[in-house]
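Take a look at the structure below.
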Amino acid sequence: MELKVWAKTMLTVQRYLEKVTKALDHVIYKKAIASMFVNSKNIHEYNGESVSKFIINVMDSKINLINLNTICINGLKKIDRTCAKILILKHVDGKTSAEIAKLLGLSDRTYFRRLNKAYDEFEKYLKNNNFTEEYFMKKYSSEGWIMEVYEKCYEFFEKGVVENDIFNANFDCLRIIKSIANPIHSSYS
């Protein structure tokens, strides 16, 4: 079941990857610009070593996001086409179950059977390619916003939380990125 939770997490995260990666680029740019205005009060925060470490850490986060995106795209390419379409409409495009069923001309019952099949196929792809719960936890446990999505997906499976409460939630990516941006001096950003 854990891989199914990660499958749902990855698919949900897809919706926000572009915004988050742009925000990360913006944070790096601001930090680099701010480092040009070094004075005696901020010399430790903006010396070459600390700025370099900051940029490397943010770039590591971005690399992890690119890897997550690649895993997700490859998984969608390897599963049944209709299953992939359902997952993309649901998670990436944010369509409701009713909208997807209508769009594909499916009854509610058939739609939910296909949705479950899609999750099963995606989970099977992950297993067949040696992606484990441990792999994802090691790579993404430090990404707070991804873990927030993971926890909501886990609640969905464990507690039967209403689907729309999880997947139609508008995650505020800039709020999440703000924690990365805090070291940037406000007068220069």
Side-chain angles (χ1 to χ4, degrees), residues 1-25 61-137 139-141 143-177:
M1 180 183 83
E2 305 299 335
L3 279 178
K4 196 175 283 189
V5 175
W6 274 107
K8 247 182 182 178
T9 300
M10 282 191 292
L11 292 160
T12 303
V13 164
Q14 285 294 329
R15 186 182 319 171
Y16 306 101
L17 281 181
E18 184 178 356
K19 286 180 183 178
V20 172
T21 55
K22 283 183 181 180
L24 290 172
D25 289 341
S61 289
K62 192 171 177 184
I63 289 167
N64 282 337
L65 294 177
I66 292 167
N67 289 338
L68 189 74
N69 183 50
T70 302
I71 293 166
C72 194
I73 289 171
N74 289 341
L76 289 169
K77 286 179 180 178
K78 297 292 183 183
I79 66 174
D80 175 73
R81 185 176 228 147
T82 302
C83 290
K85 189 172 191 173
I86 288 171
L87 293 175
I88 290 168
L89 288 168
K90 178 154 213 51
H91 295 284
V92 180
D93 296 341
K95 302 278 186 201
T96 65
S97 295
E99 291 172 328
I100 298 167
K102 185 178 179 182
L103 184 67
L104 299 177
L106 303 172
S107 69
D108 285 345
R109 184 174 180 202
T110 302
Y111 164 75
F112 283 108
R113 266 192 271 128
R114 293 220 178 135
L115 179 61
N116 286 330
K117 178 184 175 191
Y119 288 136
D120 289 343
E121 284 192 23
F122 201 90
E123 181 184 34
K124 185 179 176 183
Y125 165 79
L126 294 175
K127 283 180 183 176
N128 290 342
N129 288 280
N130 299 318
F131 292 112
T132 63
E133 164 77 8
E134 293 78 25
Y135 169 83
F136 289 113
M137 285 305 229
K139 283 284 195 188
Y140 301 104
S141 62
E143 300 290 339
W145 72 282
I146 293 176
M147 293 311 295
E148 183 180 327
V149 174
Y150 175 84
E151 290 300 321
K152 290 182 180 188
C153 292
Y154 187 81
E155 286 176 17
F156 174 79
F157 282 111
E158 285 294 308
K159 300 176 184 174
V161 175
V162 178
E163 191 172 347
N164 291 339
D165 292 343
I166 297 171
F167 299 107
N168 291 334
N170 185 10
F171 292 96
D172 183 6
C173 295
L174 295 178
R175 173 186 58 80
I176 295 159
I177 295 303

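Of the possible donor and acceptor atoms, none in the side chain of Q14 sits under 3.5 Å from a partner among the backbone N and O of C72. Although no hydrogens or angles enter the test, the distance criterion places no donor-acceptor pair under 3.5 Å between the side chain of N129 and the main chain of F131. In this structure, Y140 contributes its side chain and N64 its backbone to a donor-acceptor pair below 3.5 Å.
Interatomic distance, CZ of R81 versus SG of C83, reported as 12.5 Å (0.5 Å rounding). The CG atom of N74 sits 9.0 Å away from atom CG of N69, with the distance rounded to the nearest 0.5 Å. The distance from the OG1 atom of T132 to the CD atom of E134 is 4.5 Å, given to the nearest 0.5 Å. Rounded to the nearest 0.5 Å, atoms CE (M147) and OG (S141) are 6.5 Å apart. Between the CD atom in E99 and the CG atom in D93 there is a gap of 10.5 Å [rounded to 0.5 Å]. Taking OG1 from T21 and CD1 from I63, the interatomic distance works out to 13.0 Å, rounded to the nearest 0.5 Å.
Within the 4.5 Å cutoff, the side chain of Y135 has no heavy atoms near those of the W6 side chain. Contact check for K90 versus Y111: side-chain heavy atoms found under the 4.5 Å cut-off. When side chains are defined from C-beta on, M10 counts as touching L126, because their heavy atoms get closer than 4.5 Å. Annotation: side chain of I79 is in contact with side chain of L87 (closest heavy-atom distance under 4.5 Å). Inter-residue side-chain proximity for I146 and L65 is flagged as met; some heavy-atom pair is nearer than 4.5 Å.
Checking each of K4, K8, K127, R113 against D120 for a salt bridge (charged side-chain N to carboxylate O under 4.0 Å, His left out) leaves exactly one that passes, namely K4. The side-chain contact (heavy atoms from CB on, under 4.5 Å) test with H91 singles out one residue from V13, T12, T9, I86, and that residue is T12.
Closest of all the heavy-atom pairs between R15 and V92 is CG-O, 3.4 Å.
Taking a 6.0 Å sphere around CD of E18, one finds it holds 12 or fewer heavy atoms contributed by other residues, nucleotides or ligands.
Looking at D25 and K62, a side-chain N of the basic residue comes within less than 4.0 Å of a carboxylate O on the acidic one, giving a salt bridge.
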>> Let's go through Y125 and L76 carefully: what are the C-alpha distance in whole Å and the side-chain angles of both, what is the deciding distance for side-chain contact (heavy atoms from CB on, under 4.5 Å) to 0.1 Å, and is it a yes or a no?
In response: CA-CA 9 Å; Y125 165 79; L76 289 169; over 6 Å; no

